[in-house]
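Remarks on the structure that follows.
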Amino acid sequence: MEKFTTIRSTAVPMPMEDIDTDQIIPARFLKATTREGFGENLFRDWRFAPDGTPHADFVLNNPVYGGQILVAGKNFGCGSSREHAAWAIQDAGFRVVVSSFYADIFRGNALNNGLLPVQVSPQFLFNMFSAIEADPKAVFTVDLEKQTIRIDALNLEETFNIDPFRKTCLINGYDDIDYLLSLKSKIENFESSRLEPAIQTL
Amino acid sequence: MTLFDKIWNAHVVCPAEGNLEVLYIDRHFIHEVTSPQAFDGLRQRGISLFRPAQTVATADHNVPTRHQDQPITEPLSRFQVDKLTQNCNAFGVELYGLGHPYQGIVHVIGPELGITQPGMTIVCGDSHTSTHGAFGTIAFGIGTSQVEQVMASQCLLQARPKRMRINVEGNLQPGVTAKDIILYIIAKLGAAGGTGYFVEYAGSAIRALSMEGRMTVCNMSIEMGARGGLIAPDETTFEYLRGRTFAPQGENFEEAVAQWSTLYSDEDAVFDAEHHYRAEDIAPMITYGTNPGMGMRVGDAVPLAPAAGDSLASFEKALQYMGFQPGEKLSGKPIQYVFIGSCTNARIDDLREVAAYVKGRKVAPGVNAMIVPGSQQVAAAAIAEGLDKILTEAGFDFREPGCSACLGMNEDKVPAGAYCVSTSNRNFEGRQGPGARTILASPLTAAAAALYGHITDHRQSAN
């Protein structure tokens, strides 16, 4: 997993709420068996007409907007558990998603891939959208070490929460498997200590 | 203590960093779409699959629903399904693939084979894993990185979610089903009303449901954002499991029942949130928008303003996509497709209910009505009971098992602009195909739409 450092970048605004993972990456693109290449179909049906013509009014097709930060309305990533959604966002060049509320599974998937889901207050989210509307080149600074996100032009800053273990993993590029594998003897002891006659192997 | 906490506590291997705990997983279901990258992860690390005997695989999301006896024609789908076979062979995982009598939608086969048992922790790389909660299990969907974690260690690092109890008391009106209960609850709580929670469904109306009905309710827990939902096991649960292929047998079964009977929330259990509904208030439900929280009674008009939890922009965007107006009545609205299937409603009970309703009648001209059994065992039972004949004679297209048009990964899709009354679980934009317009409903409401060619209350249309 790529190590996470401070990100200073412009942002792409998607104020829609309840953006589900079927929009982020439609099911028909889940046939790939590797993690790479999903970015080209990110938001496929919002970005392109069925014949492949780009929808000019969709934000990802507007050259004015760009950057490593995706800013979205509340309840981002609801629906299907497909981790392909996190892979697609990352493959398209984003390192941070900002929203006021996340679906649980998406949040976990993002963290497991070094994509930082920053949860801000509804007011701060509104301020971010306003800042981008005033200037699409507005710059934001996300500092994971300090757990802060900043609207540089307005000198507005908010702190965000992240589980300390997840933070350490992101900063060092570790993942949960390394940790779990180190507990193997504890897991085996747990298995042999269980008194559950109902649990039988298949 | 809550039922959830009893099961969770029994599976904590040890505390981990911060508020995380190492949670032991009893059963891991895998399928072709969310597992290949996890298997590759094990290869890259040079490790084996830790507990293959607690892992079961099937091919369901990306399989055709016709000619399953022949090679899959679509190359990418064939490659993905073949990859699952190769991976299961390489890592020693039992696979119920195409052609196997146990193959089917992962959340249909686990329970029907008796692999799913009360008190277990169960995960799968699929958000509808919550279905298994109907048996009093902690069952939830995970991403592919977590699939790899469970493959590597049979454990997950998890923070304990908050607990919610949803009580539905009283008697359902005739013709109102489990699907209507859960669509009603989600319409009340909204698409994010359960986020951060694990839900226990309780109350006399829940207790009165069959196991199939309970699975339908638990299945859609994720559609209000909850990680999972569960129901305390009881006689209905035990009778369902008795004699199932992988359930404990004989004396072991009685011993298991004694243990399973301790699985309930204590009277003084404290929940972080609690909701109460009256079964009498629930009527056949449909959705009008593009998330499962946008639901209403089939006879109602589309709301004039967004419901709790939806912004005006989301509401307007949804209605524009669906081609509906605020205040419009949807009863009588012509539809072109009907899909009866999915992990929500493709069990034998669902097929029986639909067959009884459509027997001797005909699908309306111009309606494409598809019925996809949830598993080979469901299909075999339907054929043995002659349901396939009744359905085919009525004009339904009776297919072979798989996830099919619920997510439109295979060729079973609804065309752009067309309306589909569907017994599946998601009405998201494009879920059943680019531009497809999905109206979620119970099997009876979907069957009525097929016969009449428009949205209708199946109770008023019965004759």
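Contact count against chain A (heavy-atom pairs under 4.5 Å) is highest for B/Ala192 among B/Ser35, B/Gly18, B/Ala192. When B/Gly125, B/Pro292, B/Ser153 are compared by the number of non-hydrogen pairs under 4.5 Å with chain A, B/Ser153 comes out ahead. Taking A/Arg107, A/Lys186, A/Met16, A/Gln23 one by one and counting their heavy-atom pairs under 4.5 Å with chain B, the maximum is reached by A/Gln23. Per-residue heavy-atom pair counts under 4.5 Å with chain B were compared for A/Asp18, A/Thr168, A/Asp176, and the maximum is reached by A/Asp176. With chain A as partner, the option from B/Asp126, B/Asp40, B/Thr34 having the largest number of non-hydrogen pairs under 4.5 angstrom is B/Asp126.
Neither the backbone nor the side chain of B/Val257 comes within contact range of chain A, judged by heavy atoms closer than 4.5 Å. At a 4.5 Å heavy-atom cutoff, the contact between A/Asn109 and chain B is made by side-chain atoms alone. Both the backbone and the side chain of B/Leu407 have a heavy atom closer than 4.5 Å to some heavy atom of chain A. Neither the backbone nor the side chain of A/Phe29 comes within less than 4.5 Å of any heavy atom of chain B. For a residue to count as touching a neighbouring chain, one of its non-hydrogen atoms must lie under 4.5 Å from one of that chain's; by this rule B/Ala416 does not touch chain A. Neither the backbone nor the side chain of B/Ala313 comes within less than 4.5 Å of any heavy atom of chain A. In this structure, no portion of B/Glu32 lies under 4.5 Å from any heavy atom of chain A. Contact annotation for A/Asn189: neither backbone nor side-chain heavy atoms come within less than 4.5 Å of a heavy atom of chain B. Within the 4.5 angstrom heavy-atom criterion, no atom of B/Phe140 approaches chain A. Looking at B/Val22, only its side chain comes within 4.5 Å of chain A, counting heavy atoms on both sides. Proximity to chain A (any heavy atom under 4.5 Å) is restricted, for B/Cys14, to the side chain, taken from C-beta onward. Using a 4.5 Å cut-off between heavy atoms, B/Phe50 contacts chain A through its side chain alone, with no backbone atom that close. Only the backbone of A/Ala32 comes within contact range of chain B, with at least one heavy atom under 4.5 Å from a heavy atom of that chain. There is no contact between A/Phe106 and chain B, counting heavy-atom distances below 4.5 Å. Contact of B/Ile142 with chain A is made through the backbone alone, with heavy-atom distances under 4.5 Å.
Comment: B/Arg51 engages A/Glu191 in a salt bridge, judged by a side-chain N to carboxylate O separation of less than 4.0 angstrom. Between B/Arg227 and A/Asp104, none of the side-chain N atoms (NZ, or NE/NH1/NH2) sits under 4.0 Å from a carboxylate O, so this pair counts as no salt bridge. Under the 4.0 Å criterion applied to side-chain N and carboxylate O atoms, B/Arg45 and A/Asp178 are assigned as salt-bridge partners.
Between the CZ atom of B/Phe428 and the CG atom of A/Asp22 there is a distance of 6.0 Å, given to the nearest 0.5 Å. We find the CG-CD1 distance between B/Asn291 and A/Ile19 to be 12.5 Å, quoted to the nearest 0.5 Å. Expressed to the nearest 0.5 Å, how far OH of A/Tyr179 lies from CD of B/Glu17 amounts to 4.5 Å. Rounding to the nearest 0.5 Å gives a distance of 10.0 Å between CG of A/Asn112 and OG1 of B/Thr144. Of the inter-residue distances, the one linking B/Tyr24 atom OH with A/Ile187 atom CD1 reads 8.5 Å to the nearest 0.5 angstrom. Note that the SG atom of B/Cys155 and the CD1 atom of A/Ile177 stand 12.0 Å from one another [nearest 0.5 Å].
Other residues, nucleotides and ligands contribute more than 12 heavy atoms inside 6.0 Å of the CD atom of A/Glu157. A/Phe126 CZ: 12 or fewer foreign heavy atoms inside a 6.0 Å radius. At most 12 heavy atoms of other shown residues, nucleotides or ligands fall within 6.0 angstrom of atom OH in B/Tyr102. Annotation for A/Arg150: atom CZ counts as buried by contact number, over 12 foreign heavy atoms lying within 6.0 Å. The environment of NZ in A/Lys3 is sparse: at most 12 heavy-atom neighbours from other residues, nucleotides or ligands sit within 6.0 Å. The environment of A/Phe129 atom CZ is dense: over 12 non-hydrogen atoms of other residues, nucleotides or ligands sit within 6.0 angstrom. Applying the 6.0 Å contact sphere to CD of B/Glu254 captures more than 12 heavy atoms from other residues, nucleotides or ligands.
A/Leu30 has its side chain out of reach of B/His61: every pair of non-hydrogen atoms, C-beta onward, lies at least 4.5 Å apart. The closest side-chain heavy-atom distance from B/Arg426 to A/Ser80 is below 4.5 Å. Annotation: side chain of B/Pro434 is in contact with side chain of A/Arg28 (closest heavy-atom distance under 4.5 Å). Counting heavy atoms from C-beta outward, A/Leu180 and B/Leu156 have side chains that stay 4.5 Å or more apart. Contact check for B/Ser127 versus A/Ile105: side-chain heavy atoms found under the 4.5 Å cut-off. Contact check for A/Arg166 versus B/Leu157: side-chain heavy atoms found under the 4.5 Å cut-off. Between B/Asp310 and A/Glu17, every side-chain heavy-atom pair lies at or beyond the 4.5 Å cut-off. Within the 4.5 Å cutoff, no side-chain heavy atoms of B/Glu429 are placed close to those of A/Asp45.
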Applying side chain to side chain contact (heavy atoms under 4.5 Å, CB included), run through B/Asn19 and A/Asp163 and close with a yes or a no.
CA-CA 8 Å; B/Asn19 61 351; A/Asp163 181 274; 2.9 Å; yes
In sequence, state the C-alpha distance, the side-chain angles, and the governing distance for B/His11 and A/Arg194, and then conclude on side chain to side chain contact (heavy atoms under 4.5 Å, CB included).
CA-CA 9 Å; B/His11 289 84; A/Arg194 299 178 85 198; 3.0 Å; yes
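Taking all atoms of both residues into account, the shortest heavy-atom contact from A/Gly79 to B/Ile222 is O-CG1, 4.2 Å. The minimum heavy-atom distance between B/Lys317 and A/Trp46, with the atom names listed, is NZ-CZ2, 3.4 Å. The two residues B/Thr195 and A/Ala103 have their closest heavy-atom pair at CG2-CA, 4.4 Å.
A donor-acceptor pair under 3.5 Å links the side-chain atoms of B/Gln37 to the main chain of A/Thr34, judged by distance alone.
A donor and an acceptor atom, one from each side chain of A/Lys31 and B/Ser77, are located under 3.5 Å apart. A donor-acceptor pair shorter than 3.5 Å can be found between the side chains of B/Ser145 and A/Glu83.
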